[in-house]
Amino acid sequence: MPDTGAARAPLLDAAALAGPWAGGRGGSRTQTEPGSGRPIAGIGLAATEDVERAALAAVAAQESWARTTCAERALVLREAAAVLAAHSDEVADWVNRETGGVGAKGAGEVAAAIEELYAGAALAAEPCGELLPGSAPGQFGYARRVPVGVVGVITPWNAPLRLAARAVVPALALGNAVLLKPDEQTAIGGGLVLAAAFARAGLPAGLLAVLPGPAEVGEALVASEHTAVISFTGSTATGRRIGSIAGGLLKRAVLELGGNNAFVVLDDADLPAAVDAALRASLAHNGQICMAAGRHLVHQDLAEEYTAALVERLARLRCGDPRVAEVAIGPLINGRQADRVAGIVADSVAAGAELRLGGRPLDTGPGAGTLTGLYPPTVLTGVRPGMPAFDEEIFGPVIPVTSFADDEEAVRLARATAYGLSAAIHTADPVRGRAFADRLPTGMAHVNGSTIDDAPHVPMGGLGLSGNGHRSGGRWNVEAFTFTQWVTVLDRPRAPRKAG
Ligand code: NAP
């Protein structure tokens with residue numbers, strides 16, 4: 001009987017936190033809060049040898065899991081959702097503390113993981129094949145989707161629970177086993193909480209192993225002869241490396257990578273609504289989201305009013321320790337990332353951009369003590385192609401504004417990137433917005449919305465430097481985590497043909 005309840009005991013006790021690798025060859029590490037460096041908890045790390053051990057257990061467990069009914073798999077997924085719901089405050093707190101998230105960031109990830117689990121429960125019962133015309137008299141054929149076996153999942157730190165659930169849940173729902181390597185910095189919220197929820201929900205042992213560890217552990221997972229598919233979410237540089245290793249092994253790699261997304265404001269846009277959406281698109285989790293609006297392309301007649309409104313709204317936000325209630329902008333994941341953002345801003349200003357707000361790393365702020373990694377909301381205008389703030393994925397709370405004269409120039413600017421993840425177009429005319437979206441080579445485009453949008457049933461993913469065309473979500477998960485087998489059946493064996 002699954003033990004969902006347990007609001008009485010925490011989801012993660014000391015043993016669950018230390019994980020199965022405690023005292024092992026991978027050593028251990030202390031999780032710390034970004035910014036303050038306050039210790040959170042110690043965890044055990046996996047070593048590369050552990051990947052093989054976990055893979056063998058996964059292979060052994062997967063065969064019978066694949067033979068369970070869809071109702072049995074759905075039950076486990078629904079129970080895991082109930083466990084997460086019963087422990088939502090605790091899990092949200094782990095996520096916020098490891099990521100430096102402010103306010104509802106952690107709760108939002110828990111809610112997304114729960115939605116993913118319910119969607120996975122429904123996915124398990126979706127049709128899994130189609131009848132095909134026979135190629136001989138008395139023959140019928142069908143194509144059926146078969147679980148691939150063991151799926152390797154590698155995830156980043158920025159939305160650790162949501163992104164792990166997005167791959168782990170559909171892979172399990174479709175009858176696979178999963179080896180999950182979360183980013184070390186967010187191994188609790190991005191891995192251990194899921195493992196604990198599934199264990200309480202009654203998932204058979206061996207089907208989900210969490211392997212917190214360094215890049216070598218991730219590479220071992222990609223190279224293992226037992227992983228059939230790799231689902232990777234992270235930077236373009238790492239995705240390239242993983243894609244090349246997987247390609248050499250003729251293994252499917254589902255790559256969800258970085259973005260440099262255009263937020264376009266046409267001359268007929270509702271300006272206050274566009275400003276609201278722009279703030280959400282650029283500032284959610286401090287801009288550390290792959291779908292964040294990285295380039296704001298604004299019609300020249302609106303650019304000054306748009307910039308002034310952004311500056312006015314952002315100047316009121318308080319930066320500091322995310323544990324302080326009034327703080328809206330917490331630290332970036334680490335000091336290295338804050339230095340990188342500062343470099344992009346400084347180099348863009350040196351190249352001619354105008355700094356309208358922010359622009360300097362903060363060592364301290366109200367209530368901030370000695371936090372590191374704080375970077376204030378920053379607005380740049382006069383940003384053009386060739387400047388780092390236009391060309392690169394920033395991953396920080398920076399809004400680069402570029403003005404344009406007409407729709408043709410706006411399309412050219414929006415397309416002036418090798419990334420192809422998301423875009424948003426603001427206009428009073430939805431037909432004009434759709435025509436604009438049709439001209440963008442991006443995996444996602446939203447008219448009068450935000451560049452950031454996602455749900456378990458939609459095809460999420462990008463092109464170019466943003467990914468290799470695979471999609472997460474809904475029936476697209478079936479493409480990622482199953483293969484197709486063609487089966488034929490003759491009504492009776494045929495007599496062998498006579499020679500001559
Ligand atoms: P990253 O450096 O590529 O790391 C992502 C994961 O890969 C981590 O678990 C990391 O482990 C692991 N890793 C690093 N090198 C590896 C290797 N050689 N082999 C196997 N695994 C390896 O990414 P990040 O900078 O943390 O994450 C931010 C990036 O992710 C941004 O570019 C963002 O746009 C992108 N992202 C994309 C999406 C999407 O859906 N398209 C969603 C979220 C984020 P360790 O760090 O523990 O070593």
Side-chain angles (χ1 to χ4, degrees), residues 26 29 31 34 43 45-46 48 51 98-99 109 112 152-167 179-191 210-224 227 230-246 251 253-261 284-294 332-334 336-337 340-341 392-396 417-422 442-444 451-455 458-473 476 480:
R29 64 172 266 149
Q31 301 303 93
I43 59 167
L45 295 179
T48 49
V51 174
E98 281 189 320
T99 60
E109 289 211 38
V153 175
I154 303 175
T155 48
W157 47 264
N158 64 328
L161 177 56
R162 177 190 286 261
L163 296 174
R166 173 176 93 173
L179 307 181
L180 166 64
K181 193 210 95 62
D183 191 294
E184 277 186 8
Q185 298 165 99
T186 50
I188 299 177
V210 178
L211 296 142
E216 302 81 70
V217 169
E219 289 208 9
L221 203 141
V222 180
S224 167
T227 51
I230 301 300
S231 164
F232 170 78
T233 306
S235 65
T236 301
T238 307
R240 233 188 250 285
R241 174 153 180 80
I242 287 175
S244 73
I245 299 173
K251 190 176 287 194
V254 175
L255 305 175
E256 304 285 6
L257 311 176
N260 185 4
N261 312 295
H285 195 38
N286 249 337
Q288 300 172 115
I289 295 187
C290 56
M291 294 171 281
L332 296 174
I333 187 72
N334 52 43
R336 210 172 51 250
Q337 181 58 14
R340 199 184 146 268
V341 174
E392 294 180 27
E393 180 184 46
I394 302 174
F395 237 52
T417 176
Y419 290 96
L421 192 56
S422 184
T442 54
M444 302 169 284
T451 50
I452 302 175
D453 204 344
D454 199 5
V458 301
M460 197 284 172
L463 313 167
L465 296 187
S466 297
N468 57 350
H470 277 285
R471 290 289 180 274
S472 310
W476 295 273

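Counting convention: from 1, in listed order, for ligands and their atoms alike.
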Who's closest to [atom] heavy-atom-wise, of [options]?
atom	options	value
atom 41 (N) of ligand 1	Asp183, Leu257, Leu465, Ile289	Leu257
atom 33 (C) of ligand 1	Phe395, Phe232, Tyr419	Phe395
atom 9 (O) of ligand 1	Leu421, Thr155, Thr236	Thr155
atom 11 (O) of ligand 1	Lys181, Glu216, Glu184	Lys181

Contact region, Gln288 to ligand 1, non-hydrogen atoms below 4.0 Å, reads neither

Applying a 4.0 Å heavy-atom criterion (strictly less than), which segment of Glu393 is in contact with ligand 1: side chain, backbone, both, or neither?
side chain

For [atom], grab the closest protein heavy atom and report residue, atom and distance to one decimal in Å.
atom	answer
atom 16 (C) of ligand 1	Thr238 CG2, 3.3 Å
atom 25 (O) of ligand 1	Trp157 NE1, 3.9 Å
atom 38 (C) of ligand 1	Cys290 SG, 3.1 Å
atom 19 (N) of ligand 1	Glu219 CG, 3.1 Å

Within 4.0 Å of some non-hydrogen atom of Pro182, the atoms of ligand 1 are 9 (O)

Asn158 neighbourhood, listing ligand 1 atoms whose heavy-atom distance to it stays under 4.0 Å:
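Numbered from 1, ligand 1 contributes 43 (C), 44 (C).
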
Does ligand 1 have any atom that is closer than 4.0 Å to a heavy atom of Gln337?
no

Residue-ligand contact Gly461/ligand 1, heavy atom below 4.0 Å:
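No; Gly461 lies far enough from ligand 1 that no heavy-atom distance drops under 4.0 Å.
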
Just distances here: any N/O of Met460 and N/O of ligand 1 closer than 3.5 Å?
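No, there is no polar N/O contact under 3.5 Å.
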
